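As structure tokens, the structure follows; a few thoughts come after it.
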Amino acid sequence: MDETVAEYIRRTVLKIPRDEIKMMLQKWGFLSEAQLQTLNFHQIKDNISQEVVQLCEENAADIKQAAVLDIIYNHTYQNKRMWSVYQMRKTGEELEYFDLTDFKKKFKRRLQSALKNVTITFREYEDDAIWIRVAWGTPYRQPNQYKPSYVVYHSQTPYVFISASVLKSNLPLLCQALIVASNYHDIREMELRSHSLNSLKDIVFKRYSQNFHTYCPKPPQARAVEPGSVDLRIINENRSEKERIQRLNQEAFGDGPQPILQFAQYKLETMFKSSPEMDVLDKKEPFRCLVKFSSPHLLESLKSLAPAGMADAPLSPLLTCIPQKARNYFRIREKKGFFPESFVSP
Amino acid sequence: ESGDPQKTALLLRKAWTLYSVTPLYRFCRGRLRDYARLLSAFIAAEKQKGLAVEVGVELDIKVALSSLPELQGSEQDEPAVLVQLSSRSRASPKNSEDKIVWSGCFCCVYGDDLSENMPEDFTCLPLFLANGAESYTSVVGSWFQKTFDCTFRRLAISPFSLSWMVAMWAGCKVDKAASAVELVFSVPHLPQPLDISYAIHPEDAKALWDTIQKTPGEITQEEVDVFMDCLYSHFHRHFKIRLSATKLVKVSTAIASAHCDGIVKMLHSQYLSGVLMLLTELAISQIQ
């Protein structure tokens, strides 16, 4: 077995938390059940990975099999990576029958004709997701297995999720291979990025609970009271205000759990306006700002601002439109015309 | 105003942790060499006692104390005192250069408020800046506290002071390629914490400040308030969020940046003195 393959397998196993190693090796299926029985999973990871490499040596593993283990690891820990969303476009409206074999063949052919040295691995999952791993080389150098790109494609949709490696120069080639293989004619990057792959899918596949324009709000009801905890002497101040905020929040964000995003960025190119009594800046040029919101769970965080008294309800549509517009990067310019207070986002 | 660029350049582009220091008792400027030797012995003793500073590498620590006369504001100010710890690994060759592993600077820029009525035996150097491993700061601080009967305290910077800093620094004249005027707010007590970075183009921030400031060279509390209110209301207009209800934790401009935990970075030699003057004032408030 090639020593670079051995080292790669050793390092991949080392990344896996000790309790998960057995399960992941089973999913991989490259080592037999009998071989797995011989492994001692109670020792330190360094030793476990050495033993795994030895077994792989017995089975003469090559880089193709090692790459499959890597896809399995990244599929399990997909939220460690940052994912960007791309949308593909077709000229016609015809729904073509998707042929997986044909897709794989065309994809490989496109990449291999441009770069002799690439490692391409496919793995299909039950939810119709096709995972593709590409390790990039050059005509003169073997592929760098430690900086691969990952692509997740749901063939029934025009969306592709890409976690590119640091080597951004390969991105155009990757995009080209995707449209050629899937029979689309165009691909563009959406302004949408997150660690949570499932949340990105929720947003673009519209799987979160949206609020529709015809949504009829339920009349404000008293919250269900826990039995035995009612003390009639305690009244809630500003109850109607609290309920109003609750209702507006619900209309804006919907009822269900929010998709998980880590940040939203706004490039503001609007005019500065102050109240007339403040004798300040009144330029004809935009007041240029860059605003970035960050949180482990941004939408939940924004949703809690109004109830916490830090924001008005309803919250600005610039923030609440994030899932509907399927973007978390915005450029806001002043809208010309009758309503100088409103904004457009291109 | 700006002294020897070589010396003062030591302070630029490093992240300094701030402390306030009470006046030093019987500190003698002529004895800097002696102090260096004593401090060196103290550090060696602490290392023997098991204060592990750097694991695995055997380091001999050399101590140097020097005066920085360039860093003072008025005639009454004490010139700054620079403490540098350098090391040479025992493994490296004899003629290799020493590497500075830790720096500390005691200074006082326009500290008249404190030094005015100070008895003779006391030296006023209320502001202390430390750069390097916390363990070294602790050892050096202990020695100074024991030797000169003074007290070090971490200097936190309130949102109030941060607003002053950003207003002041946003108004400074800078070159074309200047970095943005950035304010960072934190909202920690939500179910999911939120951080907001609000960065303004430096030309636009300066233009705003210029229409607010009435007298060049003078800044009033009212002007700072108006500046901040303008920024808050521009933000509110877009996002409906009240920044004044959140915590301002960091401000950053081409002149300097400051974090509420008492960490600053000075970036522009021309304004070094001004920044130190502001920090000296904060240190003195904490002492008094």
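All values reported here derive from a predicted model rather than from experimental measurement. Protein chains get the first letters and strands the later ones, always in sequence-line order, with residue 1 at the start of each.
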From [X] atom [atom1] to [Y] atom [atom2], the distance as rounded to the nearest 0.5 Å:
X        : Y        : atom1 : atom2 : result
B/Ser233 : A/Phe272 : OG    : CZ    : 5.5 Å
B/Asp204 : A/Cys289 : CG    : SG    : 7.5 Å
A/Met310 : B/Ile241 : CE    : CD1   : 10.5 Å
B/Phe235 : A/Tyr266 : CZ    : OH    : 9.5 Å
B/Leu231 : A/Phe287 : CG    : CZ    : 5.5 Å

[X] atom [atom1]: more than 12 heavy-atom contacts under 6.0 Å:
X        : atom1 : result
B/Gln288 : CD    : yes
A/Tyr86  : OH    : yes
B/Gln286 : CD    : yes
B/Lys250 : NZ    : no
A/Lys15  : NZ    : yes
B/Lys14  : NZ    : yes

Turns out that what part of A/Pro286 lies under 4.5 Å from chain B's heavy atoms comes down to backbone

Applying a strict 4.5 Å limit to non-hydrogen atoms, the region of A/Pro314 in contact with chain B is backbone

Chain B shares the most heavy-atom pairs under 4.5 Å, among A/Thr320, A/Leu305, A/Leu315, with A/Leu305

Practice task
For residues A/Ser295 and B/Leu194, report the shortest heavy-atom separation together with the two atoms involved.
Solution key: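 Looks like CB-CD1, 4.0 Å.
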
- request: Over all heavy atoms of both residues, which pair between A/Arg288 and B/Glu203 is shortest? Give the atoms and the distance, please.
  value: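 Scanning both residues, the minimum pair turns out to be NH2-OE1, 3.3 Å.
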
Pull out the residues in residues 180-193 of chain B that come under 4.5 Å of chain A, heavy atom to heavy atom, sorted by number.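 Residues of residues 180-193 of chain B touching chain A at under 4.5 Å: B/Val187, B/Leu190, B/Pro191, B/Gln192, B/Pro193.
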
| Quick one: side-chain contact (heavy atoms from CB on, under 4.5 Å) partners of A/Asn47, sequence neighbours excluded? |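 If we apply the side-chain contact (heavy atoms from CB on, under 4.5 Å) test to A/Asn47, skipping adjacent residues, the hits are A/Gln43, A/Ile44.
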
- Message: Could you walk me through whether B/His238 and A/Ser316 satisfy the side-chain hydrogen bond (donor to acceptor under 3.5 Å, both in side chains) test, starting with their C-alpha distance in whole Å, then the side-chain angles of each, then the deciding distance to 0.1 Å, before giving a yes or no?
- Response: CA-CA 7 Å; B/His238 291 74; A/Ser316 163; over 6 Å; no

With sequence neighbours left out, the residues meeting salt bridge (charged side-chain N to carboxylate O under 4.0 Å, His left out) with B/Arg242 are A/Asp312

What residues form a salt bridge (charged side-chain N to carboxylate O under 4.0 Å, His left out) with A/Glu7, not counting sequence neighbours?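 Checked A/Glu7 against salt bridge (charged side-chain N to carboxylate O under 4.0 Å, His left out); matches are A/Arg10, A/Arg11.
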
- Message: If you define the side chain from C-beta out and look only at heavy atoms, does anything of A/Leu290 sit under 4.5 Å from B/Ile200?
- Response: no

Exercise for review: Give the ring-plane orientation class for A/Phe293 versus B/Phe239, where under 30° counts as parallel, over 60° as perpendicular and anything between as tilted.
Suggested key: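 Perpendicular.
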
